[in-house]
Amino acid sequence: LPLQKELYDFSRGPVGVATGKGLAAAADMTAKVTVQAAKAVAPLAKVAISEGSKVAVGLVKYAFVQAAKREEAAKGKQGKSKGKDKPSK
């Protein structure tokens, strides 16, 4: 097809080759920068995950403590109300 031939010829010409090299260099630089950024952020991510899991465990413990307190309070109220219903001697 004529359009395919024109595109092929353009890509193999001086402008196409220079553009291709520029794009390849930009892609290579992007990949290198991404790898370096990931290496730099990895220790921070490890700390964040560690601290986040500590917070999550703390929240679960807090929820259990609060649930136990509510249960104890409910048992205490039931015991007091039962005592009031008994006739006094």
Side-chain angles (χ1 to χ4, degrees):
L1 294 169
L3 181 59
Q4 287 175 331
K5 183 177 181 339
E6 290 296 322
L7 288 173
Y8 178 80
D9 289 343
F10 176 78
S11 68
R12 296 297 176 203
V15 173
V17 169
T19 302
K21 285 182 180 177
L23 289 174
D28 184 51
M29 180 62 75
T30 301
K32 287 179 182 176
V33 168
T34 302
V35 167
Q36 292 303 318
K39 286 180 182 178
V41 173
L44 296 175
K46 184 177 179 182
V47 170
I49 290 169
S50 173
E51 293 301 315
S53 59
K54 288 178 188 176
V55 170
V57 168
L59 287 173
V60 170
K61 285 181 181 178
Y62 178 78
F64 278 121
V65 167
Q66 293 304 313
K69 285 181 180 178
R70 280 191 223 112
E71 190 175 316
E72 285 296 318
K75 284 181 182 178
K77 286 181 183 179
Q78 288 175 356
K80 289 180 182 177
S81 65
K82 287 180 181 178
K84 289 180 181 179
D85 293 340
K86 291 181 181 177
S88 58
K89 293 184 179 181

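Numbers here simply count residues along the sequence, with the first being 1.
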Problem - Separation between NZ of Lys69 and CD of Glu72, rounded to the nearest 0.5 Å - result: 11.5 Å

Problem - Full working for side chain to side chain contact (heavy atoms under 4.5 Å, CB included) between Glu51 and Val55 - result: CA-CA 6 Å; Glu51 293 301 315; Val55 170; 5.5 Å; no

Handout entry: 4.5 Å side-chain heavy-atom contact, Gln66 and Tyr62
Key =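 In contact.
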
Practice task
Say whether, by atom type as modelled, one donor and one acceptor occur between the side chain of Ser50 and the main chain of Lys46 under 3.5 angstrom.
Solution key: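 Checking the backbone N and O of Lys46 against the side chain of Ser50, no donor-acceptor pair under 3.5 Å is found.
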
